[in-house]
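Lettering follows sequence order; numbering is per chain, from 1. Bear in mind that the values here come from a model prediction, so they are computed numbers and not experimental data. As a basis for the values below, the full set of heavy atoms in this structure was taken, side chains included, without hydrogen atoms, waters or symmetry mates.
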Amino acid sequence: MTLRLLDTLSGEVRPLEPFNPPDVTIYSCGPTVYGPAHVGNFRSFLFADILVRYLRYRGYRVRWAMNITDIDDKIIKGAAAAGQPIEGLTERWTRQFLIDAAALRMTTPDVLPRATAHIPQIVELIERLLERGHAYRTPDGSIFFRISSWPAYGRLARLDVAGLRVGERVESDEYEKDDVRDFALWKGPKPGEPAWQTSIGPGRPGWHIECSAMSMAHLGPSLDIHTGGVDLVFPHHEDELAQSEAATGQPFVGTWLHCAHLQMGGAKMAKSTGNVARVAELLDAGVPARALRLALISVHYRASLSYGEDSIRAAAAAIDRLDALSAALRAYGEDRPDDPTLLDALARTREGFEAGLDDDLNVSAALAALFDGVRELNRRIDARALSRADAGRALALLADIDTVLGIGLAPSDALDPDLAAMVEARAAARAARDWAESDRLRDTLAERGIAIEDTRDGQRWRRLSEVTGG
RNA sequence: GGCGACGUACCCAAGUGGUAAAGGGGGAGGUCUGCAAAACCUCUAUUCAGCGGUUCGAAUCCGCUCGUCGCCUCCA
């Protein structure tokens, strides 16, 4: 089986066919750093993360680039409003983005290109578009892409270009264009705005050009997969596609992938409407990071997902179930021969997991296979049917699956010394049949997030992922 | 106004023509346990928004109606 993905441009589900297997290049539209990214942004970043992780699990050599947009209208306004330099603002929120991403166990992209560090590549691309007649200058020093020069324009978003609605925005547009639908490649200098002195004149890049320039700079003229939120289909990706192919004459992207929106309170989560929940704030409020990650990845990326306390609670409970299994496997001490049926059971779990992900990253289906496996393993533990080596095999499968999910299955982290001492004391109290003391210690540990369980394999502990806020 | 997605149990959700409608959460009962927790077992949708149609057969295909959401403008 190979991974099949729904490509936005063709509208078809197709097997992934990288330009240069086993290399796969992936470009993801990342954050615009004028403020903190919200969990809706992270849904789309984590969907790309799952894609990258799964391709690596499948043996592909993935090169993943995620851009950091550090120059645009909102950043300029934001910096002016805060009375601070642009670099101060963008650096602060870039740092926060990386902190949030790490908290959510997002794979660090191989490259995190920033727009302001790619002005020469942007300028070069615009020059090529000017040479080829796809772009034109306006008196204020701006440069626009001429949509009428590119017949395929509108294909990605399935928009009839002639029918594009011309909104009120047009009259307030401060730039002169030949056609209202043309988009800016380069914005001429304006008082109070940063400008770069370049061979195409002073100014700053438009919004879409940076992604074309940076993806080509880091991944080549043709990349295998390009991801982003559905809201980027138009105009951002439509424009990227047009300007890139117009400049190079080569196919820009093999597969376009778009992630549906995160909903909150019945509407799309968006910075512009203020309907947002931020990662750092949620974590501070007591939402477990692992549960947040699971909640954000467990629904198919093309289905809209509602964020709320219920989904966090359900995710936290699911993680507890997984943790309980790995704790039981680690503690398992029955000395008996290998279970002859185990390998089949593990293989079924793995195959089901892979089959789900192969089907356009159907994480829900993959998780269902995982949880079927969890029940199978728990049954065998209860029946004392496994050998110790079997328990190790099962743990190895969980760890393997977790290279894709990244939710921290089969954790084996050590306890703080004082907690470890309490755990030991509790075991001793119980061995002495001092129920009052053993119960007291168990309660105390529970308050500190450690669950103590007495089993046929003796006392064992695991961390609880209790939701305390959100 | 144009384009599109979706509507499956208390909640989330898989399933896109074929004998019992995955999985997670929650709830009820049981087993085990010093007590508990975890785990396991049983139960929790004769039914897939509604209506009509196609078919031997539909949650799955077609039409209409209702509802929710998105894109067309900054946006992950």
Exercise. Stepwise, does the ring pair (Phe, Tyr, Trp, His ring centres under 6.0 Å) test hold for A:Phe97 with A:Phe42?
Worked result: CA-CA 9 Å; A:Phe97 164 68; A:Phe42 273 101; 5.6 Å; yes
Exercise. Is there a residue in residues 39-49 of chain A whose heavy atoms reach under 4.0 Å of RNA chain B, and which residues are they?
Worked result: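 A:Gly40, A:Asn41, A:Ser44 - these, ordered by number, are the residues of the stretch whose heavy atoms sit under 4.0 Å from the strand.
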For this session: Can you sort out which residues in residues 427-435 of chain A have a heavy atom within less than 4.0 Å of RNA chain B? Ascending by number, please.
Result: A:Arg430, A:Trp435
Students often get this wrong, so: under 4.0 angstrom with heavy atoms, is [X] touching a base, only sugar-phosphate, or nothing?
X        : answer
A:Thr32  : sugar-phosphate
A:Asn362 : sugar-phosphate
A:Ile452 : base
A:Ile381 : nothing
A:Ala316 : nothing
A:Ala318 : sugar-phosphate
A:Ser272 : base
A:His236 : nothing
A:Arg426 : base
A:Gly356 : nothing

Give none if [N] has no partner; otherwise give the nucleotide forming a Watson-Crick or G-U wobble pair with it, both distances under 3.5 Å.
N     : result
B:A14 : none
B:U42 : B:A28
B:A49 : B:U65
B:C3  : B:G70
B:U19 : none

Side chain of [X]: nearest nucleotide among [options]?
X        : options             : result
A:Arg442 : B:C11, B:G34, B:C40 : B:G34
A:Gln263 : B:G70, B:A39, B:G23 : B:G70
A:Arg462 : B:A38, B:G70, B:C41 : B:A38
A:Lys268 : B:G34, B:C71, B:C40 : B:C71
A:Phe234 : B:C72, B:A36, B:A14 : B:C72
A:Phe371 : B:C40, B:G23, B:C71 : B:G23
A:Asn378 : B:G34, B:G70, B:C40 : B:C40
A:Ala324 : B:C74, B:A38, B:G23 : B:A38
A:Asp372 : B:A22, B:C40, B:C11 : B:A22
A:His261 : B:C41, B:C71, B:C11 : B:C71

So do [Y] and [X] actually touch side chain to side chain, heavy atoms under 4.5 Å?
X        : Y        : value
A:Arg290 : A:Asp323 : yes
A:Leu357 : A:Val363 : yes
A:Leu325 : A:Leu398 : yes

For nucleotides 28-31 of chain B, give me every protein contact, N/O to N/O, under 3.5 Å, one pair per line with atom names.
none

In whole Å, what is the span from the [atom1] atom of [X] to the [atom2] atom of [N]?
X        : N     : atom1 : atom2 : answer
A:Leu322 : B:G23 : CG    : P     : 15 Å
A:Tyr307 : B:C69 : OH    : C1'   : 20 Å
A:Arg384 : B:C32 : CZ    : C1'   : 12 Å
A:Asp359 : B:A14 : CG    : C1'   : 10 Å
A:Met264 : B:G70 : CE    : C1'   : 17 Å

What distance, rounded to whole Å, do you find between the two [atom1] atoms, one in [N] and one in [M]?
N     : M     : atom1 : value
B:C56 : B:U19 : C1'   : 14 Å
B:C64 : B:G24 : C1'   : 36 Å
B:A21 : B:A9  : C1'   : 11 Å
B:G17 : B:A59 : P     : 13 Å

For this session: Take A:Arg456 and A:Lys74, find for each the nucleotide of RNA chain B with the closest heavy atom, and name the residue whose nucleotide sits nearer the 5' end.
Result: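 Result: A:Arg456.
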Exercise. Of A:Glu376 and A:Ser364, whose closest RNA chain B nucleotide lies nearer the 5' terminus?
Worked result: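 Checking each residue's closest nucleotide, the 5'-ward one belongs to A:Ser364.
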Exercise. Can the ring centroids of A:His237 and A:His258 be said to lie less than 6.0 angstrom from one another?
Worked result: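 Aromatic pair counts; centres sit under 6.0 Å.
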Exercise. Passes side-chain contact (heavy atoms from CB on, under 4.5 Å), A:Leu386 versus A:Arg393? Steps please.
Worked result: CA-CA 10 Å; A:Leu386 303 175; A:Arg393 291 181 187 108; over 6 Å; no
Seminar exercise, completed: Between A:Arg384 and A:Gly333, the two heavy atoms sitting closest are NH2-N, 4.4 Å
Exercise. Which word best sums up how the rings of A:His236 and A:His208 line up, parallel for under 30°, tilted for 30 to 60°, or perpendicular for over 60°?
Worked result: tilted
For this session: Could you give me the CA-CA distance, side-chain angles and deciding distance for A:Trp64 and A:Thr107, then say whether side-chain hydrogen bond (donor to acceptor under 3.5 Å, both in side chains) is met?
Result: CA-CA 10 Å; A:Trp64 185 26; A:Thr107 303; over 6 Å; no
Exercise. Are A:Tyr301 and A:Asp360 close enough, and set up right, to give a side-chain hydrogen bond (donor to acceptor under 3.5 Å, both in side chains), and what steps lead you there?
Worked result: CA-CA 9 Å; A:Tyr301 73 90; A:Asp360 195 26; 2.6 Å; yes
Exercise. Side-chain donor-acceptor pair under 3.5 Å between A:Arg380 and A:Thr341, yes or no?
Worked result: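 Indeed, the side chains of A:Arg380 and A:Thr341 share at least one donor-acceptor pair under 3.5 Å.
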For this session: Sort out for me which residue in A:Leu6, A:Leu5, A:Leu241, A:Thr227 forms a side chain to side chain contact (heavy atoms under 4.5 Å, CB included) with A:Trp256.
Result: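 Only one of A:Leu6, A:Leu5, A:Leu241, A:Thr227 forms a side chain to side chain contact (heavy atoms under 4.5 Å, CB included) with A:Trp256, namely A:Leu241.
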